[in-house]
Amino acid sequence: MLKAKTPLLVGLMVLAAIGAFIFTFGTLDRGMDMDEAYTVYARFDDASGLAPGSRITLAGIEVGVLGTPELAPDDPTMARVPLIIRKDVVLKKGIWSEAKKTWVNGAAAIRRQSSLIGDYDVALSPGLDGEVIPPGGEIPNVTGEVGLPAVIKTLEDSSAVIFPALERISDDIESITGSLREAIGDEEGTKTLEKIRGDVEKTTDNVQKLTAEMRNFLSQRIYPRGDNLERILENLERTSSELARASVSSTERLDQILERVERVTVSIGKFVDEQTAAPEDAKDGTIAKTLAGLDKSMALIEGSLENIRAVTENLEQGRGTVGRLLTDDKLINDIERVIGDVEGFTSTFSRTQIKVQFRADYYVGRSAYKSTVDFALHPGPDKYYLFQLIDDPIGKATRRLRVTTSNDPRLPPVLVEEISETSGDFKFSAQFAKRFHFLTFRYGITESTGGLGIDADLLDDALSFKLDAFEFGRDEYPRLRLMAQWEFLSHFFLSAGIDDMLNAPARDWFVGLGIRFVDEDIKGVLPFTPSP
């Protein structure tokens, strides 16, 4: 019976063990649900020991786990560690302090050793002020070392300052002992000491001789004269008391002098320390600071001289724009030619005169007025360019033939008509003029048609006669106009003449009045002026 129950009991125990195992491991912490967490980042200069899944604690309570550390994208020297934290934990960025150059009262992440085998976890401080750090943000304050490793690192950093200072002190002691060795360690120093010893021995012998002579003097001259000696002693006593009083005042003065000498010595020592301080600790105005600035200035000067040397070498070899300008003869010749052209242009432009003339003529036969505006550009005294705007009552004359066919027996089958039309539109003239002594010949466009002209200027150009021929083909003969102008007053002139004198139907007399002057301001609107 017992043998039959044993397998049953063993089976029940196995089932109970399996149930206990499932219950135990089913109740263990299965980690953090990612839907209930968010990720922020912290930058460490050393991420050793920060393994993925390591704990993140806040006030000793686990509030998250670490992700996989990676190098920061914008700074490969730093490690960026993801911190996966529960959503109910709120981290604040803090307030930026310009004085401390850091975030004050903000969240902080501390890399903390969690075991003796080198494992680390991260302790959080949520922060008090500032904006809430959003998912994907960074914790501003990060501490990479705490405890004993931080102390060791501080000692390592301090050794970098202490040992150079000790080296400078040892160098100073070495220089002092060297100076003493140079002063008394050679043969001349030994001779000097021997000379001092000989002088001391001679001084001792002289003192002994003086003492013996004083003893003889007292025994032979002083002691026999006791009265005199008493008076002398009294005088010596008075003298000694006076000397004592004087010595007291002298002692006080000597103490004052010594005190002043001590203050001066301290000041000199302080001055020497300031003048010989390290460049990074030197004050403005000291020799050390001046020498440091001089070193920097010399470095800058050397760099500038190197740049000047390189530029000079490039110029000598004709590299660069300036080098080509200095070494390329063809380029220099081209530049000189361009400068000459510009100089010629500017000289021509500066001496060009622009004469403006307004004239109104009254035509007697037509009882109409003709207005003319002249612009004459004089680049030289022997030629000019003439431009005119004319409002002519005669207008522009056009001729055309009109052919009409008709079936009307009362009319010719083909009727040819010649139609002449005259319009009162504006006319213009553009002529080139060349002067020979008192005669000036003109050719170009005259009142919107081809034309020629000749002028005779007399009496220093106060009296002028002008003959124009233009509008060839309009009538039987070309339009020929003769005009005289007389400047009766400065800038004012009278004009008179006959127009179209070869064609009797159109012939007409006219008289007029005008004004002319030289305008320098109008040159500012001219883009260029032809060379003479």
Side-chain angles (χ1 to χ4, degrees), residues 29-162 164 278 280-281 283-284:
D29 188 7
R30 299 178 181 176
M32 183 186 303
D33 188 359
M34 297 304 294
D35 294 336
E36 298 178 357
Y38 68 98
T39 302
V40 294
Y41 296 91
R43 296 194 181 204
F44 294 90
D45 55 358
D46 184 5
S48 300
L50 296 178
S54 298
R55 295 194 313 157
I56 300 174
T57 60
L58 176 62
I61 300 173
E62 183 175 354
V63 295
V65 295
L66 296 180
T68 302
E70 60 182 7
L71 293 177
D74 55 346
D75 188 1
T77 63
M78 301 291 291
R80 191 175 74 160
V81 179
L83 278 66
I84 304 172
I85 304 171
R86 293 196 326 228
K87 288 187 177 180
D88 58 343
V89 177
V90 179
L91 304 178
K92 295 186 178 180
K93 192 172 185 179
I95 305 300
W96 176 255
S97 175
E98 288 292 341
K100 298 181 181 179
K101 301 298 183 182
T102 185
W103 294 92
V104 179
N105 294 333
I110 302 172
R111 176 173 170 262
R112 188 175 58 183
Q113 187 172 1
S114 60
S115 66
L116 296 177
I117 61 175
D119 292 334
Y120 286 81
D121 58 15
V122 174
L124 282 181
S125 175
L128 301 176
D129 297 328
E131 300 176 354
V132 175
I133 299 176
E138 286 193 1
I139 297 177
N141 301 317
V142 176
T143 302
E145 294 286 351
V146 294
L148 183 60
V151 175
I152 295 173
K153 184 176 182 182
T154 303
L155 292 176
E156 291 177 352
D157 296 338
S158 300
S159 64
V161 179
I162 293 173
E280 61 272 9
D281 299 330
K283 297 180 179 179
D284 294 337

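Keep in mind it's a predicted model, so treat the numbers as computed, not measured. In this chain, numbering begins with 1 at the start of the sequence shown.
- Side chain of Asp129 to main chain of Gly106: no donor-acceptor pair is present (N/O by atom type, distance under 3.5 Å, no hydrogens or angles).
- Residues Val122 and Ala109 come closest through the heavy atom pair CG1-CB, 4.0 Å.
- Shown here for Val89 and Tyr38, the closest heavy-atom pair between the two residues is O-OH, 2.7 Å.
- Residues forming a side chain to side chain contact (heavy atoms under 4.5 Å, CB included) with Ser54 (at least two apart in sequence, or on another chain): Ala51, Leu66.
- Separation of atoms CG (Asn141) and NZ (Lys93) is listed at 11.0 Å; rounding is to 0.5 Å.
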- Take Tyr41 and Leu83 through the test side chain to side chain contact (heavy atoms under 4.5 Å, CB included) and record every step on the way to the result. CA-CA 6 Å; Tyr41 296 91; Leu83 278 66; over 6 Å; no
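- Side-chain atoms of Pro52 and Pro82, non-hydrogen and from C-beta on, never get closer than 4.5 Å to each other.
- When all heavy atoms of Ala37 and Ile84 are compared, the pair lying nearest together is CB-CG2, 3.8 Å.
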- Apply salt bridge (Lys or Arg N to Asp or Glu O under 4.0 Å) to the pair Arg43 and Glu138, showing each step before the final yes or no. CA-CA 8 Å; Arg43 296 194 181 204; Glu138 286 193 1; 3.0 Å; yes
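- Within the model, atoms CD1 of Ile95 and OG1 of Thr102 stand 12.0 Å from one another, a figure rounded to the nearest 0.5 Å.
- For Ala107, the side chain to side chain contact (heavy atoms under 4.5 Å, CB included) test picks out Leu91, Ile133, Ile139, with sequence neighbours left out.
- A salt bridge does not link Arg86 with Glu36: every distance from a Lys NZ or Arg NE/NH1/NH2 to an Asp or Glu carboxylate oxygen is 4.0 Å or more.
- A donor atom on one side chain and an acceptor atom on the other are found under 3.5 Å apart for Thr57 and Arg112.
- The two atoms that bring Pro76 and Leu71 nearest to each other are O-CD2, 3.4 Å, heavy atoms only.
- Using a 4.0 Å cut-off between charged nitrogen and carboxylate oxygen, Arg80 and Glu70 count as a salt-bridge pair.
- With Arg111 contributing its side chain and Ser48 its backbone, the two residues share a donor-acceptor pair below 3.5 Å.
- Shown are Ile85, Ile110, Val40; of these, the side-chain contact (heavy atoms from CB on, under 4.5 Å) with Leu124 is made only by Ile85.
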